[in-house]
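Since we're looking at a predicted model, the values are computed, not measured. A, B, ... follow the sequence lines: proteins, then strands. Residue 1 opens every chain.
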2 protein chains.
Amino acid sequence: MTQESIKVLVVEDHHVVRQGLVALLNVADGIEVVGEAADGVEAIAQFRKHQPDVTLTDLRLPRLSGVEVIQRIRMETPQARFIVLTTYDGDEDIYRALQAGARAYLLKGMTSDELIATIRAVHAGKSHIPPAIAQKLAERMGAEELTPREFDVLEQIVRGKSNKEIAAELEISEATVKTHINSLLGKLGVTDRTQAATAAIQRGIVPLESLRKPGQ
Amino acid sequence: MTQESIKVLVVEDHHVVRQGLVALLNVADGIEVVGEAADGVEAIAQFRKHQPDVTLTDLRLPRLSGVEVIQRIRMETPQARFIVLTTYDGDEDIYRALQAGARAYLLKGMTSDELIATIRAVHAGKSHIPPAIAQKLAERMGAEELTPREFDVLEQIVRGKSNKEIAAELEISEATVKTHINSLLGKLGVTDRTQAATAAIQRGIVPLESLRKPGQ
DNA sequence: CGCGCCCTCCACCTATAGATGGACCGCGCC
DNA sequence: GGCGCGGTCCATCTATAGGTGGAGGGCGCG
């Protein structure tokens with residue numbers, strides 16, 4: 001063999017998208033798709049089996065999120081390399097993925113060339129973050145972290161709960177709820193709960209799916 | 001030729017997804033992808049050029065939305081058949097797409113078999129709506145329509161405006177704003193503006209993208 | 001024309017939300 | 001041990017939001 005192919009694992013729950021990725025990558029020189037996975041658990045199994053050079057993964061996955069997949073795999077294989085590929089560009093997701101050890105973050109709207117170039121770059125040990133993403137990341141870095149409790153309160157706000165209901169839910173007094181709200185409004189840079197709710201959804205702090213109905 | 005292939009036009013702005021669809025469809029018997037388009041304007045041009053039997057389209061498209069594409073094409077070619085394929089399942093989108101004349105509505109998470117079966121069914125003149133989607137549609141049908149003004153107010157609420165700001169923006173009194181809010185809260189089946197905002201986003205009444213920053 | 005719907009506005013009242021400042025406890029860290 | 005920080009709680013005040021009822025004008029439709 002003249003040169004080694006880059007072994008790639010594709011992790012993506014949407015059939016058509018996965019199919020598309022595999023189709024794109026299979027025609028690229030020097031790239032070989034060694035495995036596919038449709039959820040987080042399967043992704044880890046496939047990784048162990050094939051030891052790919054680069055893992056291309058979605059963030060929103062059944063069973064285990066993309067971030068969890070990255071974290072777990074890196075615990076046993078720290079040199080593993082990841083490219084996150086997602087439709088959404090919520091600041092929080094980007095931050096968490098890169099934090100977990102992803103080397104690149106791409107949106108699904110990118111061209112095949114970009115994708116292939118990124119795989120090569122990441123395999124060569126480089127990182128690759130598109131400018132638009134880098135900017136969001138920068139914004140996010142400037143923002144303050146929410147405390148766990150503030151996060152709990154924010155989640156309830158997004159669910160449409162009143163302060164009284166939040167107090168009951170979290171078993172704290174309404175006064176405390178207001179304290180947390182006041183604090184989180186400041187950190188999010190907004191002035192009321194409605195803005196906090198939309199900001200939380202937009203930034204991916206509270207995933208939109210989570211508010212369908214569950215979690216009471 | 002033993003039997004005619006079904007001519008399909010694929011309209012989808014995300015490269016990898018479009019690639020995946022084309023790859024999936026090209027291996028299916030009796031289906032031929034005659035064209036691809038990455039935005040609404042191109043979709044109409046491709047339709048005119050190839051006169052496909054079935055058009056498979058995303059709803060969120062650059063330049064012209066999927067709904068607009070369906071409407072415009074049906075103005076000149078009423079018998080054209082459409083399958084809407086989208087990641088989101090906001091009630092409003094489903095409603096508008098079917099209203100515009102789509103015969104089927106599929107989520108991107110579906111299997112290739114479902115997709116192919118749906119294309120055949122739609123080509124044969126049938127409609128195909130997955131049960132989960134049908135249920136949402138039913139819910140939506142039961143809901144009351146928002147008046148244009150109520151919609152304006154709701155949009156401002158989602159943007160995080162206060163009643164006073166909304167009044168200024170729409171050049172009406174704050175009392176009127178409250179009247180509209182009261183009315184739309186009832187129609188949406190929610191009890192406060194925060195719930196109205198998340199409901200609007202969830203149902204796709206106000207697209208999440210629209211609140212990035214623009215529109216002042 | 002009369003009816004219904006929408007938009008507009010008003011007054012009034014109550015409940016909720018947000019702002020402020022001060023307080024106590026527990027925990028990790030230097 | 002002292003310090004900082006997060007979480008908890010309190011009281012209080014003001015602004016905003018939401019609920020109710022009533023009222024006028026415009027517009028389309030049978």
*Would you call A/Glu68 and A/Arg63 a salt bridge, using N to O less than 4.0 angstrom?*
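Judged by the 4.0 Å cut-off on N to carboxylate O distance, A/Glu68 and A/Arg63 do not form a salt bridge.
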
_Could you tell me how far apart A/Asp192 (CG) and D/dA15 (P) are, to the nearest whole angstrom?_
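Computing the A/Asp192:CG to D/dA15:P distance gives 16 Å.
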
*In terms of side-chain geometry, is the basic nitrogen of A/Arg48 or A/Glu76 positioned less than 4.0 Å from the acidic oxygen of its partner?*
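Here A/Arg48 pairs with A/Glu76 in a salt bridge, since their nearest N and O are under 4.0 Å apart.
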
*Round to the nearest Å and state the distance from A/Ile157 atom CD1 to C/dA17 atom C1'.*
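Taking atom C1' of C/dA17 as the reference, CD1 of A/Ile157 is at 10 Å.
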
*Base, sugar-phosphate, or nothing for B/Ser173, non-hydrogen atoms under 4.0 angstrom?*
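Sugar-phosphate, no base atom in range.
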
*Side chain of B/Ile181: nearest nucleotide among D/dG18, D/dC9, C/dT8?*
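From the listed options, D/dG18 comes nearest.
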
*asked:* Please determine whether a side-chain nitrogen or oxygen atom of A/His180 lies at a distance below 4.0 Å from atom OP1 or OP2 of D/dC9.
replied: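 Answer is no, no contact under 4.0 Å.
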
_Atom-pair distance (NZ on A/Lys161; C1' on C/dT16), nearest Å_ =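 Computing the A/Lys161:NZ to C/dT16:C1' distance gives 17 Å.
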
_Whole-Å distance separating the CD atom of B/Gln195 from the P atom of D/dG18_ =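 The distance from CD of B/Gln195 to P of D/dG18 comes to 10 Å, rounded to the nearest Å.
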
*Does OP1 or OP2 of D/dG19 have a side-chain N or O of B/Lys178 closer than 4.0 Å?*
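Checking D/dG19 against B/Lys178, no side-chain N or O comes under 4.0 Å of OP1 or OP2.
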
*With no hydrogens and no angle check, do the side chains of B/Thr191 and B/Gln195 hold a donor and an acceptor under 3.5 Å apart?*
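Yes, a side-chain donor-acceptor pair sits under 3.5 Å.
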
*Hey, which of these two, A/Thr179 or A/Thr194, hits DNA chain C nearer its 5' end, going by closest nucleotide?*
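Its nearest nucleotide being more 5', the pick is A/Thr194.
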
_Between C/dA15 (C1') and B/Leu185 (CG): distance, integer Å_ =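 Taking CG of B/Leu185 and C1' of C/dA15, I get 14 Å after rounding.
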
*N/O (side chain, A/Thr147) to phosphate O (OP1/OP2, D/dC5) under 4.0 Å*: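 So the side-chain polar atoms of A/Thr147 never come under 4.0 Å of the phosphate oxygens OP1 or OP2 of D/dC5.
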
*Grab the CG-P distance between A/Asn163 and C/dA19 for me, whole Å please.*
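Atom-to-atom, A/Asn163 to C/dA19, this comes out as 11 Å.
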
*What is the distance from NZ of B/Lys164 to P of D/dA17, rounded to the nearest Å?*
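Checked: the NZ to P distance equals 9 Å.
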
*CG of A/Leu184 versus C1' of C/dA17: gap in Å, rounded?*
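Distance check: A/Leu184 CG to C/dA17 C1' gives 13 Å.
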
*So does B/Glu36 pair up with B/Arg18, basic N to acidic O under 4.0 Å?*
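Looking at B/Arg18 together with B/Glu36, the answer is yes, because their closest N to O distance falls below 4.0 Å.
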
_So, does B/Thr176 get its side chain near the phosphate of C/dC9, meaning an N or O under 4.0 Å from OP1 or OP2?_
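So the side-chain polar atoms of B/Thr176 do come within 4.0 Å of the phosphate oxygens OP1 or OP2 of C/dC9, strictly under.
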
*Side chains of B/Thr179 and B/Thr176, donor plus acceptor under 3.5 Å*: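 The answer is no; no qualifying pair exists.
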
*Would you mind telling me which residue lines up with the more 5' stretch of DNA chain D, B/Asn182 or A/Arg149, judged by nearest nucleotide?*
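Final value for this comparison: A/Arg149.
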
